[in-house]
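Encoded as structure tokens, the structure appears first; notes follow it.
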Amino acid sequence: MEWFYNLYGWQQALIATTFTWAMTALGALPVFFCKSVGKNAFSFMMSSAAGIMLASTFFSLLMPALETGVEYSYLVLTGGFLLGGILIILTDIVTGKLNFFTGNAKKKSCAVMCIAVTIHNIPEGMAIGVAFGALAAGNGMGAVAAIMLAVGIGIQNFPEGMCVAFPLRANGMGRCKSFIIGQLSGAVEIVAGVLGALTVTFASGLLPWALSFSAGAMIAVVCSELIPESFSGSKVKATAGVIFGFALMMILDVAFG
């Protein structure tokens, strides 16, 4: 792994977000073989990803932002966090009011899901980019924390690929087209990740803002998407998944971060 640590921050972010995109594609891949996925497995994957991302928000984003020692850190962190959360809230409002496919509720639902997942992937990719940009700049989190953040988002992207591809397939779209659209929803993370890394590398003063912004966006995504989806099935399995994901991230971050 030494070769990876010696790369520039944007190169690390490029590799990490390529992994998260690949996980999206992997999630969309079963559309070639079936039209649905087991609800319990889906619920545990989503809740585990929620736990990992919740822990990442605190240990990998907010704490490193605080440790940058910026003046009036409480205002910077609060402001960045609120802006990130507001972005996701506004995204939900806009996608919820789309008037595409009027008169066809199923097709409209599919379109909204595709757009919502794609837009939500932008701050997630940015969070990965900011993490590796901060790592390369010698500020904030450790290498393990940055890698685990990418792993957590990648785990979440697996069922997201299903969320996009399977409804399209169920509504009559061809297997290939459903897969292509499903995996493309994760491709935006690559662009967002590289831009996020370059931003904090060449404008280090933005680092606490970028970290806290990413934290606010991730919390909003977890609360608006992952938690409701995972708890729509078995409450016990979903709760176990959240605890498992959070504990896993916390142990790795504290032990190796």
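The shown structure was predicted, so the numbers you read here are calculated from the model rather than taken from an experiment. Each residue takes its place number in the sequence, starting with 1.
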Exercise for the section: Measure from the side-chain N and O atoms of Thr78 to the backbone N and O of Leu75, and report whether any donor-acceptor pair falls under 3.5 Å. Expected result: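 Not at all, since once roles are kept as given, no pair shorter than 3.5 Å links the two residues.
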
Exercise for the section: Show your working on side chain to side chain contact (heavy atoms under 4.5 Å, CB included) between Phe132 and Ile147 and close with a plain yes or no. Expected result: CA-CA 8 Å; Phe132 283 102; Ile147 291 171; 4.2 Å; yes

[X] and [Y]: which non-hydrogen atoms are nearest, and at how many Å?
{"X": "Ala150", "Y": "Ile128", "answer": "CA-CD1, 4.0 Å"}
{"X": "Ala13", "Y": "Ala197", "answer": "CB-CB, 3.8 Å"}
{"X": "Val31", "Y": "Ala165", "answer": "CG2-O, 3.8 Å"}
{"X": "Phe19", "Y": "Val151", "answer": "CE2-CA, 3.9 Å"}
{"X": "Ala55", "Y": "Met250", "answer": "CB-N, 4.4 Å"}
{"X": "Lys237", "Y": "Ser47", "answer": "O-OG, 3.9 Å"}

Problem - Side chain to side chain, Thr239 and Phe231, heavy atoms closer than 4.5 Å - result: yes

Handout entry: CA sep, side-chain torsions, deciding dist, call: Thr20, Thr17, side chain to side chain contact (heavy atoms under 4.5 Å, CB included)
Key = CA-CA 5 Å; Thr20 61; Thr17 50; 4.0 Å; yes

Any link between [X] and [Y] through a network of hydrophobic side chains (Ile, Leu, Val, Met, Phe, Trp, Tyr) touching at under 4.5 Å?
{"X": "Val236", "Y": "Phe244", "value": "no"}
{"X": "Val191", "Y": "Ile153", "value": "no"}
{"X": "Phe213", "Y": "Leu195", "value": "no"}

Measuring from atom [atom1] of [X] to atom [atom2] of [Y], what distance do you get when rounded to the nearest 0.5 angstrom?
{"X": "Ile243", "Y": "Ser48", "atom1": "CD1", "atom2": "OG", "value": "10.5 Å"}
{"X": "Cys176", "Y": "Phe32", "atom1": "SG", "atom2": "CZ", "value": "4.5 Å"}
{"X": "Ile251", "Y": "Phe246", "atom1": "CD1", "atom2": "CZ", "value": "11.0 Å"}
{"X": "Leu87", "Y": "Leu83", "atom1": "CG", "atom2": "CG", "value": "9.0 Å"}
{"X": "Met148", "Y": "Leu248", "atom1": "CE", "atom2": "CG", "value": "4.5 Å"}
{"X": "Leu7", "Y": "Leu135", "atom1": "CG", "atom2": "CG", "value": "11.0 Å"}

Practice task
State which residues pass side-chain hydrogen bond (donor to acceptor under 3.5 Å, both in side chains) with Thr24; sequence neighbours excluded, sorted by chain then number.
Solution key: Asn157

Problem - Whether over 12 other heavy atoms sit under 6.0 Å from Trp209 CH2 - result: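 Yes, enclosed.
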
Practice task
Evaluate whether atom OH of Tyr8 has more than 12 neighbouring non-hydrogen atoms of other residues, nucleotides or ligands under 6.0 angstrom away.
Solution key: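 Atom OH in Tyr8 is not crowded, with 12 or fewer foreign heavy atoms closer than 6.0 Å.
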
Exercise for the section: For the pair Leu66 and Tyr74, evaluate side chain to side chain contact (heavy atoms under 4.5 Å, CB included) and give the outcome as yes or no after the intermediate values. Expected result: CA-CA 8 Å; Leu66 184 62; Tyr74 63 97; over 6 Å; no

Practice task
Sequence neighbours left out, what passes side chain to side chain contact (heavy atoms under 4.5 Å, CB included) with Ala25? Give chain and number order.
Solution key: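 Ala25 satisfies side chain to side chain contact (heavy atoms under 4.5 Å, CB included) with Phe179, Gln183 only.
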
Problem - For Phe58, side chain to side chain contact (heavy atoms under 4.5 Å, CB included) partners two or more places apart - result: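 Met63.
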
